[in-house]
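Quick notes on the structure that follows.
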Amino acid sequence: MNRKLENIEEKLLRYCEGTLNNEETKLVEDWISSDKKNEEIAKNIHELYWATDTLRVMNEVDVDRALRKTNRSLMKKKIGTVLLWTERIAAILFVPLLSAYLLQIKDKTEPAMMEIRTSPGMTTAFVLPDGTNVSLNSGSVIRYPSFFTDDKREVELLGEAYFDVTKNPDKRFIVKTCSNNRVEVLGTSFNMEAFPRDSILSTTLLEGKVKFYCDAGSIEMHPGEKIIYNINSSKANLVRTTGEVETAWKSGKIIFDNTPFDEALRMISKRFNVDFIVKNNRYKKDSFTGTFDTHNLEQVLGLFSISSKIRWRYMPTTKPENKRSVIEVY
């Protein structure tokens with residue numbers, strides 16, 4: 001690999017990051033516009049950048065070493081130019097490529113919609129175009145524009161995410177759900193859970209102030225408060241919380257704090273991608289307290305069996321396309 005290509009690759013990443021000076025920016029933009037292949041390369045790199053927490057990773061990686069190592073292995077293969085460049089940059093980032101689509105480079109006037117999703121049992125963290133930090137929980141999806149326009153920053157959430165919103169008084173930050181409920185903020189930290197399969201939405205506020213909008217109207221929240229909203233009944237319940245239970249998933253934990261049986265099963269279901277069928281209502285009066293981190297599903301349910309004498313078993317799935325396990329509690 002010659003030095004010129006190394007410089008271009010590094011500058012392309014800095015270009016996406018927005019840290020090039022005017023002279024370097026013109027150099028990159030001239031290079032992009034000089035050839036259709038260059039434009040395609042830039043789009044692929046732009047996709048990788050926005051789909052990952054690039055700033056954090058680049059601070060931790062020896063770029064030159066990664067490029068040299070990747071080049072040695074890739075040059076042994078006969079692959080196209082665009083694929084070669086994309087794999088080089090993916091190697092620099094040292095992170096999995098997340099689901100993103102319809103991306104465009106900076107000189108476009110209309111934002112493209114992007115999507116990031118997590119597989120069951122996995123979480124991820126990334127940065128939105130405005131600098132807002134997002135942690136996305138297992139089995140969740142977030143959609144957002146490649147850059148924000150007008151007087152709002154709007155994203156769509158299907159699942160659970162924690163937002164540390166960059167403050168901007170001129171642009172409201174809005175999180176919409178599949179049921180058309182939404183939360184609006186200017187700059188704050190909060191957790192929101194809105195899985196399409198659930199009839200319950202919840203928002204937990206850690207810092208700042210938010211407004212929760214639902215069919216019944218709007219509710220202003222303050223730090224240490226949690227809204228639990230029932231979509232079917234259109235009723236909202238505001239409770240006090242430390243936020244520890246609601247955000248434990250960010251560090252790979254499940255925390256029960258006198259948690260009712262039904263809610264405990266829902267939390268386990270979310271963590272381990274499993275559905276429960278409860279055949280014995282006597283467990284509904286039980287509640288649980290404890291912390292689980294490295295425990296697998298069988299270990300968690302085994303401890304439940306000890307404390308509440310519950311009995312459970314795996315059930316055969318009748319739908320081959322259903323990738324979720326089914327457990328009967330009897």
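Excluded from the calculations below are hydrogen atoms, water molecules and symmetry mates; all remaining heavy atoms, backbone and side chain alike, are included.
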If you apply the rule side chain to side chain contact (heavy atoms under 4.5 Å, CB included), what do you find for Glu328 with Lys279, and how did you get there?
CA-CA 7 Å; Glu328 180 183 80; Lys279 293 291 188 178; 3.4 Å; yes
So Phe163 and Val183, side chain to side chain contact (heavy atoms under 4.5 Å, CB included) or not? Walk me through it.
CA-CA 11 Å; Phe163 298 89; Val183 165; over 6 Å; no
Show the numbers, then the answer: is there a side chain to side chain contact (heavy atoms under 4.5 Å, CB included) between Glu225 and Val239?
CA-CA 6 Å; Glu225 292 181 340; Val239 299; over 6 Å; no
With side-chain hydrogen bond (donor to acceptor under 3.5 Å, both in side chains) as the test, would you mind laying out the steps for Asn258 and Thr289 before giving the verdict?
CA-CA 5 Å; Asn258 200 31; Thr289 297; 4.8 Å; no
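Within the 3.5 Å criterion, the main-chain N or O of Ser305 finds no donor-acceptor partner in the side chain of Ser308. A side-chain donor-acceptor contact under 3.5 Å links Ser146 to the backbone of Ala112. Proximity of a side-chain donor or acceptor of Ser269 to a complementary backbone N or O of Leu265 within less than 3.5 Å is not detected. The closest donor-acceptor contact from the side chain of Gln299 to the backbone of Asn296 lies under 3.5 Å. Without hydrogens or angle criteria, Ser325 side chain to Val274 main chain gives no donor-acceptor distance under 3.5 Å. No donor-acceptor pair under 3.5 Å is formed between the side chain of Ser179 and the backbone N or O of Thr177. Judged by distance alone, with hydrogens and angles left aside, the side-chain atoms of Asp198 form no donor-acceptor pair with the main-chain N or O of Ile200 at under 3.5 Å. Of the possible donor and acceptor atoms, none in the side chain of Asp150 sits under 3.5 Å from a partner among the backbone N and O of Lys152.
Chaining together hydrophobic side chains whose heavy atoms lie under 4.5 Å apart places Tyr162 alongside Leu206, Trp249. Other residues sharing a hydrophobic cluster with Leu158 under the 4.5 Å side-chain heavy-atom criterion for ILVMFWY residues are Val141.
In this structure, a donor-acceptor pair under 3.5 Å is absent between the side chains of Asn191 and Thr247.
With respect to Phe304, the ring pair (Phe, Tyr, Trp, His ring centres under 6.0 Å) criterion is satisfied by exactly one of Trp312, Phe256, Phe261: Phe256. Just one of Arg266, Lys250, Lys270 meets the salt bridge (charged side-chain N to carboxylate O under 4.0 Å, His left out) condition when paired with Glu160; it is Lys270. The one candidate from Leu136, Asn137, Thr123, Ile142 that meets the side chain to side chain contact (heavy atoms under 4.5 Å, CB included) condition with Thr118 is Leu136. Each of Leu205, Ile255, Thr204 was scored for a side chain to side chain contact (heavy atoms under 4.5 Å, CB included) with Glu246, with one residue passing: Thr204. With Arg153 as reference, Val165 is the one residue of Leu128, Val175, Val185, Val165 to meet the side chain to side chain contact (heavy atoms under 4.5 Å, CB included) rule.
Residues Ile174 and Lys176 have side chains in contact (heavy-atom distance under 4.5 Å, counting atoms from C-beta outward). Proximity of His222 to Lys209: side-chain heavy atoms (C-beta onward) are separated by under 4.5 Å at one or more points. You'll find the side chain of Ile327 stays beyond 4.5 Å of the side chain of Met315, heavy atoms only.
In the hydrophobic cluster analysis, where Ile, Leu, Val, Met, Phe, Trp and Tyr join through side-chain heavy atoms closer than 4.5 angstrom, Val278 is grouped together with Phe288. Under the 4.5 Å side-chain contact rule for hydrophobic residues, Ile219 and Leu157 share a cluster. Hydrophobic clustering places Ile254 together with Leu297 (ILVMFWY residues linked when any side-chain heavy atoms are closer than 4.5 Å, directly or through intermediates). Both Ile310 and Phe276 belong to a common hydrophobic cluster when Ile, Leu, Val, Met, Phe, Trp and Tyr are linked at side-chain heavy-atom distances under 4.5 angstrom.
Within the model, atoms OG of Ser138 and CZ of Arg117 stand 12.5 Å from one another, a figure rounded to the nearest 0.5 Å. With rounding to the nearest 0.5 angstrom, the CG atom of Asn181 is 6.0 Å from the CD1 atom of Ile231. Taking CE from Met267 and CZ from Phe272, the interatomic distance works out to 11.0 Å, rounded to the nearest 0.5 Å. Atom CD of Glu156 and atom CE of Met113 lie 7.5 Å apart (nearest 0.5 Å). Note that CE of Met114 is 3.5 Å distant from OH of Tyr144, once rounded to the nearest 0.5 Å. Here Lys253 contributes atom NZ and Asp293 contributes atom CG; the two are 6.0 Å apart, rounded to the nearest 0.5 Å.
Shown here are the side chain to side chain donor-acceptor pair (under 3.5 Å) partners of Glu154, two or more places apart in sequence or in another chain: there are none. Remark: Asp35 engages Lys37, Asn38 in a side chain to side chain contact (heavy atoms under 4.5 Å, CB included) (not counting sequence neighbours). Not counting sequence neighbours, the partners of Thr132 by the side chain to side chain donor-acceptor pair (under 3.5 Å) test are Asp130. Considering only residues two or more places apart in sequence or on other chains, Arg172 meets the salt bridge (charged side-chain N to carboxylate O under 4.0 Å, His left out) condition with Glu184.
Between Phe190 and Phe173, the angle of the ring planes goes over 60°, which puts this pair in the perpendicular group of the 30/60° scheme.
In this structure, Arg324 pairs ionically with Asp275, as a charged nitrogen and a carboxylate oxygen lie closer than 4.0 Å.
Contact record, Pro129 with Pro145: CG-O, 3.6 Å, taken as the closest heavy-atom pair. Taking all atoms of both residues into account, the shortest heavy-atom contact from Ser234 to Asp215 is OG-OD2, 3.8 Å. When all heavy atoms of Pro196 and Gly159 are compared, the pair lying nearest together is CD-N, 4.3 Å.
Under the 6.0 Å distance and 45° angle rule, Arg313 counts as a cation-pi partner of Tyr330.
For Lys171, the NZ atom is densely surrounded, since the number of other residues' heavy atoms within 6.0 Å is greater than 12.
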